[in-house]
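Index from 1, following the sequence. Numbering of ligands and ligand atoms starts at 1, following listing order.
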Amino acid sequence: MSAFTRRNFIGKTAVAIGSFAALQKVIGAGHPTDPGPANPALDGQNPDSIWPPSTDSKSLVQNFKYPFSYANKRTYEGGWSREVTVRELPVSKTLAGVNMRLTPGGCRELHWHTAGEWAIMLYGTARITAIDLDGKSFVADVKKNDLWFFPSGNPHSIQGLNPDGCEFMLVFDDGEFSESETVLLSDAMAHLPSEVLAKNFGVREQAFQNVPKEELFILQADVPGGLEADQKAAAGARGKSPKDFAFRTMEMPPTMQTKGGEVRIVDSSNFKVSTTAMAMVTVHPGGMRELHWHPNADEWQYFITGKGRMTVVATGNKARTMDFQEGDVGYVQKSLLHYVENTGDTDLVFLEIFKADRFQDLSFSEWLAHTPPELVMAHLHIDKATYDTIPKNGAVITPLS
Ligand code: MN
Ligand code: MN
């Protein structure tokens, strides 16, 4: 790189990434130069790909990051939708994510699908509807950080409320899932002979003459009225469903809290209808989600805020480190060792999602602390004082205190 282009590159990169330490990492002090074409903004977001830590293997672990920024939006008057499935992120075989925005009154059309739908509200407020297996109705209002779960085949809808609608993340327990491959009310009606509809609903054929011929997917409707009135009208003489398809995450205390951060675990032990497990993790600056693995399921991650990096240690002497920020999806296959370190100067908040009834993890430090000390010391060439310092009860998030 000539002095001029190098200075130009450093200048642009410094603007893109902000800190001198991060800049040094991107320009790769001690590495051969990188004089060819470069994208400083993207390089600045991915310092551990540009110059990986020397502990990464030279043989690659399959990509495990996909930013929602790359996902193509489908836009409608009432909102938009974009998705990251196995098509975008081939490693993500068990789970797929759909990010959706609805205006006030904007409605994700009444529909159902073969995958189970887990969701978290990211912004605003929404009204959700479903019915249970006894045909009893469920209508509820949800706000930021609330969850819902609609089991496979359960028909449902989502509608934005005042003042500014909502945005949420849907996670489906099938990597092949696509939000554009669902059974919609409008589709179903458009593909049935009108005499069949008349017989089915006991009305005149002409009653359905204005049914839309095309799918609606997201439609703009009026903002619904009071919740109680909707609940009562939907329940009718049959009464409301005793099942709660929603979960209010912030009404429970953190499952675990350390000096480094906190975690809220929500699975079928506290959210009965859900067959998808979640850990919502907050890591303070300088903290780290400790080294661990999950014996029962792959982990789908969504980064809500902050910056972090993760190394995945795979089988066959392989490891890869990638950087993550707001809006990124990450993925870790079942039983592979990993950590998530806060590399920013604000809280890092991310979700760990599993296609499993229960959240399960094994802590690297807990394992070593509960194995005969001499055996561990013979492997790692560490002294007894170091061994004794290893946390005995796992850390979840470091530092403990
Ligand atoms: Mn759905
Ligand atoms: Mn994990």
message: Under 2.8 Å from the Mn ion (ligand 2) - does any N, O or S atom of E299 fall there?
response: yes

field: Modelled atom types, side-chain donor and acceptor of S178 and T85, under 3.5 Å
entry: no

query: Would K65 count as a cation-pi partner of F324, with NZ or CZ less than 6.0 Å from the six-membered ring centre and within 45° of the ring normal?
result: yes

query: Is the closest side-chain heavy-atom distance between Q301 and F64 below 4.5 Å?
result: no

- prompt: Mind checking whether F364 and W293 have parallel, tilted or perpendicular rings, split at 30° and 60°?
  reply: perpendicular

message: Using side chain to side chain contact (heavy atoms under 4.5 Å, CB included), reason through Y331 and T94 one step at a time and then give a plain yes or no.
response: CA-CA 10 Å; Y331 199 88; T94 67; 2.8 Å; yes

message: Could you tell me if R289 sits above the aromatic ring of Y339, with its cationic atom closer than 6.0 Å to the ring centre and no more than 45 degrees from the axis?
response: no

Distance filter under 2.8 Å, centred on the Mn ion (ligand 1) - protein N, O or S atoms that pass it: H111 NE2, H113 NE2, E117 OE1, H156 NE2

- request: Measure the shortest side-chain to side-chain distance between R320 and V312 over non-hydrogen atoms and say whether it is less than 4.5 angstrom.
  value: no

query: Can you name the N/O/S atom of H292 that is nearest the Mn ion (ligand 2)?
result: NE2

